[in-house]
Amino acid sequence: ALRDLGLEGVLEGMRFNPDADWWGRGGATVESVRLLDQQGNPAARLPPEGLVTIEVRCVANERLEHPVVGYSISNSRAMVLFADNSWLAFGPEGSPPIEAGTRFVTRFRLRIPALPAGNYMLGGAVADGTPGNFIQHHRSDDAMLFRVASSHLVEGIAGATMLGCT
C-alpha cells in the first residue's frame, strides 16, 4: 500500500490568501477555503484513498435567495482539474435563503485522485441563483495555493486509484 511505502502525497504551504484576486458583485464573500483530512484537521498529506473535505466559509453581505457555494482545484498552468458546487445537494428548489450578515460553511466530502508533485490552487466561490440564472458574488480561483511536495506519480495530470495488479 502507498501509505506503507511512505508514498502519500505530502502537502505544503496550505494557507488561505485573503488578498487573492477575486471577481463578482460582492453580495457575499468567501472568507476562507481549507483542505481537511478525515478528522477535520488541515490536511498534511493526500491519503492514498483520496478522502478529503474541502471547506468554504462565507458571509452574506446581502440576503441570498438561493446561495450556491463552489470550489475548484487547478494546476500550475491554471487548468481546472476538478470543481463542483452545492446546487445539486439541494435539488431543483435550490438552497434556503440566507440573511445578510450570516456566516455559513459548506463542506464538500470527496475523493481526490493522486496528484503529481507540483503547485496547485484551491478556489472558492459563492453565488446566488440556479445554474441557468445566477449572480456570482465572490469567486477566487487561487484563494489557497498549495504544493504537493512528493508523490508516487511521475507523469500525467492525476492518478487513478489502482485496485489491483496481477
Side-chain angles (χ1 to χ4, degrees), residues 1-22 28-60 64 67-76 78-91 94-96 98 101-127 137-165:
L2 292 176
R3 180 174 288 140
D4 298 336
L5 296 173
L7 295 177
E8 297 170 291
V10 176
L11 303 175
E12 294 179 342
M14 302 203 17
R15 289 193 187 95
F16 175 71
N17 179 4
D19 300 319
D21 290 341
W22 67 276
T29 303
V30 173
E31 294 189 312
S32 73
V33 295
R34 299 192 312 161
L35 186 62
L36 306 174
D37 63 22
Q38 292 183 59
Q39 289 72 43
N41 300 311
R45 299 180 176 275
L46 278 179
E49 65 279 2
L51 293 176
V52 296
T53 297
I54 294 174
E55 177 187 86
V56 182
R57 291 183 174 267
C58 303
V59 62
L64 303 176
V68 178
V69 176
Y71 74 87
S72 62
I73 294 182
S74 305
N75 65 13
S76 61
M79 176 189 294
V80 175
L81 302 178
F82 30 92
D84 211 340
N85 66 59
S86 61
W87 187 78
L88 284 176
F90 293 98
S95 60
I98 294 180
T102 303
R103 286 185 157 71
F104 56 103
V105 179
T106 304
R107 292 180 184 93
F108 301 92
R109 188 165 183 269
L110 61 141
R111 185 180 307 272
I112 291 181
L115 298 172
N119 296 316
Y120 297 87
M121 285 85 56
L122 174 59
V126 58
H137 284 293
H138 187 143
R139 179 173 172 170
S140 177
D141 293 324
D142 55 358
M144 187 180 83
L145 278 64
F146 67 95
R147 180 165 133 42
V148 175
S150 66
S151 172
H152 71 285
L153 295 179
V154 293
E155 61 183 347
I157 294 172
T161 301
M162 186 184 312
L163 301 177
C165 179

Indicate the atoms forming the closest heavy-atom contact of [X] with [Y], along with that distance.
X	Y	result
Val69	Phe104	CG2-CE1, 3.7 Å
Ala20	Asp142	CB-O, 3.5 Å
Tyr120	Asn75	CD2-CA, 3.8 Å
Pro42	Asp37	O-OD2, 4.3 Å
Glu31	Arg103	OE2-NH2, 2.9 Å
Tyr71	Phe82	CE1-O, 4.3 Å

Check each of Ser86, Cys58, Pro67 against Thr106 using the side-chain contact (heavy atoms from CB on, under 4.5 Å) test, and report the only one that passes. Ser86
Quickly, which of Val126, Thr102, Ile98, Thr29 forms a side-chain contact (heavy atoms from CB on, under 4.5 Å) with Val59? Name it, please. Thr29
Do His137 and Leu64 pass the side-chain contact (heavy atoms from CB on, under 4.5 Å) test, and can you show the C-alpha distance, the side-chain angles, and the key distance before you say yes or no? CA-CA 10 Å; His137 284 293; Leu64 303 176; 3.8 Å; yes
Has Asp21 got more than 12 heavy atoms of other residues, nucleotides or ligands less than 6.0 Å from its CG? no
Taking ring-ring contact (aromatic ring centres under 6.0 Å, His included) as the test, write out the residues that go with Phe16, two or more places apart. none
Any sub-3.5 Å donor-acceptor pair from His138's side-chain atoms to Val30's backbone N or O? yes
For the side chain of Ser140 and the backbone of Gly124, is there at least one donor-acceptor N/O pair under 3.5 Å apart? no
What is the distance from atom [atom1] of [X] to atom [atom2] of [Y], rounded to the nearest 0.5 Å?
X	Y	atom1	atom2	answer
Arg57	Ser32	CZ	OG	5.5 Å
Leu145	Met121	CG	CE	6.5 Å
Asp84	Ser72	CG	OG	11.0 Å

Test Leu81 against Leu115 for side-chain contact (heavy atoms from CB on, under 4.5 Å), laying out the working first. CA-CA 10 Å; Leu81 302 178; Leu115 298 172; 4.0 Å; yes
Salt-bridge criterion met for Glu55 and Arg107 (N-O under 4.0 Å): yes
Quick one: are [X] and [Y] in side-chain contact, heavy atoms under 4.5 Å?
X	Y	answer
Thr53	Phe108	no
Asn41	Leu36	no
Leu35	Met144	yes
Trp87	Ser95	no
Leu110	Ile54	yes

I'd like to know whether Ile112 forms a side-chain contact (heavy atoms from CB on, under 4.5 Å) with Ile73, so could you lay out the CA-CA distance, the side-chain angles of the two residues, the decisive distance to 0.1 Å, and finally the verdict. CA-CA 10 Å; Ile112 291 181; Ile73 294 182; 3.8 Å; yes
Residues forming a side chain to side chain donor-acceptor pair (under 3.5 Å) with Arg109, sequence neighbours excluded: none
